[in-house]
Amino acid sequence: MWEKKKRKVWPTVVASTMLMGLLAACGSNTDTAKSDAKGNSDQAGAGASSGKVVTVHMIESLTSPKRTDILKAMISQFEKENPNIKVDLISPPFDQADNKIRTMLAAKQELDVLEVRDLNIAEYVNNGYIDPLDTYTGTWKDFSTVTAVAKSIATNNNKLYFIPNGLYQRQLFYRKDWFEEKGLKPPVSYQELYETGKKLTDSAKNRYGFSFRGGMGSAGITDQMVLAYNGDQVNLEDAQFLKSGNTIYSSPEAKEAIELYMKIYKEASPSDAVNWGFQEQVQAFTSGVTGMLLQDPDVIQTIQEKMKPEQWATAPMPTGPNGKALIQAGGAGWGIASQSKNKEAAFKLIAFLSNPEQNTEFGKKYGLVPIHTTAANDEYFKTGPYKTLLDMSNKPDVFMNYKPPFQYPGTGQWNQASMESGQAYLLGKFTVVDVLKKWDAYWMDQKSKKK
Amino acid sequence: MKSRQPFILFGLLPALLLVLIFTYYPFLKGGIMAFQEYKLFDLRNVHFVGLQNFRDAFKDPKFLTALQNSAYWVFFSLVFQFLIGLTLALLMNKKFRGRGIYQGLVFYSWALSGFLIGMIWKWMFNSQIGVINDLLLKTGIIETRIGFLSDPKWAMISVIIANVWYGIAFFAIMLLAALQSVPSELYEAAEMDGASEARKLISVTLPYILPTIITTTLLRVIWIFNDPTIIYGMTNGGPAGSTHILSSLMLDKIIYAGDYGAASAIGVVMIVLLLLYTLFYLSVTKSEKMGDF
């Protein structure tokens, strides 16, 4: 019986899929044709003043429903101020967004403004997908207040390729109530983080000191520790390497850092955390399993939703033995596709989204550090969890900013490679020497491959 | 009759084109990419590198682990899915009250996405906040929490358990359909000859549904072998690459390294393995079938 049904159902399914495919193809064809006409007629009609409407196609990468709503509100305000520019925002789901953008770029589809991320800027530049923005920023009045950090993450080969829409910067979140209960102070160094974490750990109560992250993104912790331990020796412009030219993993300080990393795992973290990624790490903190968490400001909203204000507080990133911490700002922002036919209008939109007022609002609503120096005057960023971030940027001699190695082809795979050897180390399959040798070899190899 | 032939060919043309474009072109392209350096990071520098991608793969301990894991993954998933699925199908083939509801419940897991199932089992297996550890602790079966997904000894077993759960429904559906087609005269005849229940199962039921069993297991092996979604959702191959199978490793090469050449090489190895398997399986089952009928 089932067999019979199956025979009937399949042709229908196949036929309808084909039909849908054809319809979709037709739909997008006419769409492109229309916007092509618009783009061309605009160019022919000597600019926007003729009253012709230009459509700017824009795609975001770090999509979330909430963020898309914020963006849409900003865009409709822009459209109100610029009646001759229409913005078509494409918001693919986060997991597929970068692939969608790549496909659109490779297929030379209609695209003007795209969200470039610090981790794929080199890829887009290498493939000639995006244009440098330096010619536009020269005449942009708000460019002077953009912070140096914001510019640095958007720069590749000394050219600026996007305007960040905000910065991520890591800090320490801790359980204020647990700390008070035990009379503990937030740790200043990684050594203190280990000691404090040990005091908080009570596996019988399923309570642990540190929200360890051994799974995807573990390099965030291992690299931070190795960098902090190397301190002044690190080449801040090429931060996988020391000033001597060797990798950061080759020094005796790196060995100390990674040995402490093991102690933090063994004595202050749940053993399950060898496989934890972002979700588990944050979930463990908000659900009361762990007492300390190193994370970016985008978790602030989750924490605010799930925890009471008296339960948590923030502190600056821990430092190494010589009192230094190296911090990296991450971020994404708006760039212009090389294939764009409406580059002027595209930059107009970028300039609007990135002006101090819009950008500060975006930062507040979405949990990012704004890119303009003027934001520091805003009351909102002077209190609460954002204060720590500003405090950190006010002490550049302790919290030294470094540039992540996004110019190397192997950066994308580093997370994975570092995680796997890191897990082998945590599980006792590798010694500390083995793991550091592996990491050292990885980056020496990258250096030799770099053009 | 002959005059209709051009029309039939013309009518088939769209389907042929679609198959060529969406099946054979990607297949061919993937085969070519396996011999190229093809990295997303540097698409302007795509060139042929001969067998380099294959040499790299076979030198990589991760690939060898994944190869071994694929064998465990397919064998244990299939055996348990089949045995439990067959049992459920036999139970559901009897008439009892609420059979429809039970059938619905059993088939439910098959309607979920593999990735989602992976995510759900990941949280259930979590050693701190997972329900499985909680239940085992409360019933006194264990005293300390087990890191199901963090301990390489347990991780592969855990992902296989999730996969077994997922696939039971498939066998239950297919085998139940086959069981319902067994003519009741055969059972009546067996009863007249005084056959016991076990005897009826071995001599009537199983031979009758054997063709279905052969087809479903053949298909299922290929699906299980190819399907990385549960592993991707649960462990993403970790810890330390200990739960990668070939297909999840291939995904890994694309998603995290953007290395389409290396991924395609793994894909080609998978195709060769599946071809060998299919030839072997068909030749074995064919001779058996001939003996039976």
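Chain naming here is simple, since letters A, B, ... match the order of the sequence lines and numbering starts at 1 in each.
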| query | Under 4.5 Å, heavy atom to heavy atom, which residues of residues 107-115 of chain B contact chain A? | reply | none
| request: Could you please state which residues from residues 120-132 of chain B sit under 4.5 angstrom from chain A, measuring non-hydrogen atom to non-hydrogen atom, sorted by number, or 'none'? | output: Lys122(B), Trp123(B), Asn126(B), Ser127(B), Gln128(B), Ile129(B)
| field | Of all pairs that satisfy salt bridge (charged side-chain N to carboxylate O under 4.0 Å, His left out), the ones with a partner from residues 127-139 of chain B, not counting sequence neighbours | value |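 Passing the test, one end in residues 127-139 of chain B: Asp134(B)-Lys138(B).
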Over 12 non-hydrogen atoms of neighbours within 6.0 angstrom of [atom1] in [X]:
{"X": "Lys437(A)", "atom1": "NZ", "result": "no"}
{"X": "Gln109(A)", "atom1": "CD", "result": "yes"}
{"X": "Asn157(A)", "atom1": "CG", "result": "no"}

| task | Would you give the length of the straight line joining atom CG of Asn275(A) to atom OG1 of Thr243(B), rounded to the nearest 0.5 angstrom? | result |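 Result: 7.0 Å between the selected atoms.
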| said: Quick check for you: to the nearest 0.5 Å, what is the distance between Met216(A) atom CE and Asn236(B) atom CG? | reply: 5.5 Å
| field | Shortest non-hydrogen contact from Ala240(B) toward Ala424(A) | value |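 Heavy atoms of Ala240(B) and Ala424(A) come nearest at CB-N, 3.7 Å.
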| With sequence neighbours excluded, residues passing side-chain hydrogen bond (donor to acceptor under 3.5 Å, both in side chains) with Arg220(B) | Gln81(B)
| Distance-only donor-acceptor check, side chains Ser150(B) and Asp272(A), under 3.5 Å |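 Yes, Asp272(A) and Ser150(B) have a side-chain donor paired with an acceptor closer than 3.5 Å.
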| field | Winner by heavy-atom pair count (cut-off under 4.5 Å) against chain A, out of Pro152(B), Gly147(B), Gly258(B) | value |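 Maximum pair count with chain A is reached by Pro152(B).
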